[in-house]
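This one's a predicted model, so the numbers in the text were calculated from it and none came from an experiment. Whatever order the structure lists them in is the order used to number ligands and atoms, beginning at 1.
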Amino acid sequence: MAATTPVCEAFDGIAALAQAVRAREVSAVEVTRSCLERIAQLDDQLGCFLRVDEQGALRQAEAVDAKIREGADEELLLAGVPVGIKDMLCTKDLQTTAASKILAGFVPPYDATAVAKLRAAGAVVLGKLNMDEFAMGSSNENSALRPCKNPWDVTRVPGGSSGGSAAAVAASLCPLSLGTDTGGSIRQPAALCGVTGMKPTYGRVSRYGVIAFASSLDQVGPLGRSAVDLAQALQVIGGHDAHDATSLPLEQPDYLAACQTPIVDKNRRLRIGLPKEFFAQGLDPRIERCVRAAIASLQQEGAELVDVSLPLTKHSIAIYYLIATAEASSNLSRYDGVRYGLRVTPCDGEIGPGQSALVEMYKRTRAAGFGPEVQRRIMLGTYVLRSGYYDAYYRRASQVRTLVARDFAAAFTKCDVLMTPTSPVLPFRLGERLCDPLSMYLADIYTISCNLAGLPGLSMPCGLVTEAGSDRPLPVGVQVLGPPLHDAKVLQVAAAYQRITDWHKQRPQILTRPGAEAASP
Ligand code: GLN
């Protein structure tokens, strides 16, 4: 049985879809229904959504249609565009759990700013997307609620932590989603699922209402079909927010205009830097071939290639796992069974002499509520912040972090953007790396330093690789990194690449049942 092709697929991008909804060629309700139908047909198998809010989505769509009928639609840049939201962002009256048991039943009383801005622009929130618990992971396998599969091959991982956000777009369950990226969690799943995803400059998008993992690294960003779609989304969700002290008090550039700007004009050619440390040992040669071909196609358009070096890359994983775990252990201390979600209370007879019922409740709640990876990080982070260790670990890591940012600044004196692979490996099989957390950490080598330096970074599809003995092609992603605040430049380069190639238009053949005929697109 073939699955429904959602209405969105008939449009060339979300701006065209919104335009058609505003012109009343198609209603927001019809668009929303078709996505809900496809989710009902495919998501049992894929596991992209943790919660689908059918009633809420249809109500929002009806409200958008009503506004358009009344002629109050100038502000509705995303009229009727269905979106999925990573379960890390608070959604008013819609359960938000960060894919953790400890937040079971938590219903936020307000929307995260990014979500509120999407709704105000007419987007329709379909539901909450799967992820690694508290965004800790690179495969979505740490979700405490249900696994998520890669739509290109359901025996493989979609990447993480925003696995559901990437897989939902890849499977055409929604044309746009929000994710968060602390060390690669938007870009790596985008690469593994063959979609385009962007982590904006730190501070571009408000973190208000976003469940905190590592506050100095976390950033919200969009995942979608193309750089142009991301530009449209960023225009809506970005900008200063007084509720977030780290949000940048700056006007946003015109991201859409940047996407139309050629990379070469008569005065200046785009300079693309290739950091040699990103094309080193450990990189799958099939990925390297696709990434180099992508860079070569921009060279043919007139871009100039420059060799650069980022010598501190080798330290980035170590620094990240000191900073991220330290901040996580502090941020996650609020989940104590008192204020949110789960509470495991000991029975009367279980409290021994000298034991405190309150402390026992904390312990039991946290032991039952957090999964093994989250517990591992809390323990590491607590160790890192222990008195007497702070100088040796957190302070030291923060100092080296500054040097990493300087490494990038030096490279950007020679080039406008960097292009690199996003992930050194293809989507791996579910379960393959679970017993070896370190090998999972190492797979973030190309994405982590961007967060340490606060840069904008984007991943987009640049090829398909079919492994020996398989008939399922797997996507490869190329990463574009820019200097801080040069988000528009990153989008410009990605849009230029997507004008001359069509990797971003490839869709997986999804089997609705093993052995059943393929559902397209
Ligand atoms: N994979 C990295 C980690 O496990 C990054 C996660 C993220 O960006 N949220 O921490």
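Distances between N or O atoms of M136 and those of ligand 1 include no value under 3.5 Å. Residue contacts with ligand 1: T182 is placed with a nitrogen or oxygen under 3.5 Å of a nitrogen or oxygen of the ligand (distance criterion only).
For E467 and R286, the salt-bridge test passes: some basic side-chain N is under 4.0 Å from an acidic carboxylate O. Between D181 and K86, no side-chain nitrogen of the basic residue sits less than 4.0 Å from a carboxylate oxygen of the acidic one, so the salt-bridge criterion is not met. Salt bridge D416/K489: absent, no basic N to carboxylate O contact under 4.0 Å.
Proximity of Y441 to ligand 1 is not established, as no heavy-atom distance is less than 4.0 Å. At least one heavy atom of G137 sits less than 4.0 Å from an atom of ligand 1. Assignment of R377 to the shell around ligand 1 is supported, since a heavy atom sits closer than 4.0 Å.
Considering R401, R187, Q219 in turn, R187 is the only one that fulfils the side chain to side chain donor-acceptor pair (under 3.5 Å) rule with N451.
Note: Y335 and F106 fail the aromatic proximity criterion, with ring centroids not under 6.0 Å apart. Proximity of the aromatic rings of Y441 and Y320 is defined here by a centroid distance below 6.0 angstrom, and this criterion is not met.
The protein atom (non-hydrogen) at minimum distance from atom 7 (C) of ligand 1 is S185 OG, 2.3 Å. At the shortest separation from atom 5 (C) of ligand 1 among protein heavy atoms lies Y320 OH, 3.2 Å. Summary of contacts: the protein heavy atom closest to atom 2 (C) of ligand 1 is D444 OD2, 3.1 Å.
Counting the atoms of ligand 1 from 1 in the order shown, those under 4.0 Å from a heavy atom of G183 are 5 (C), 7 (C), 8 (O). With ligand atoms numbered from 1 in the order given, ligand 1 contributes 2 (C), 3 (C), 4 (O), 10 (O) to contacts under 4.0 Å with heavy atoms of Y321. Residue-ligand proximity, F213 to ligand 1, at heavy-atom distances under 4.0 Å covers atoms 9 (N), 10 (O). Residue contact check: S161 has heavy atoms under 4.0 Å from atoms 9 (N) of ligand 1. Within ligand 1, counting atoms from 1 as listed, the ones closer than 4.0 Å to a heavy atom of A135 are 6 (C), 7 (C), 9 (N).
Side-chain contact check for L89 versus T180: some heavy-atom pair is nearer than 4.5 Å. Between C462 and Y497 there is a side-chain heavy-atom pair separated by less than 4.5 Å.
Across every non-hydrogen atom of N142 and D132, the tightest pair is N-OD1, 2.8 Å.
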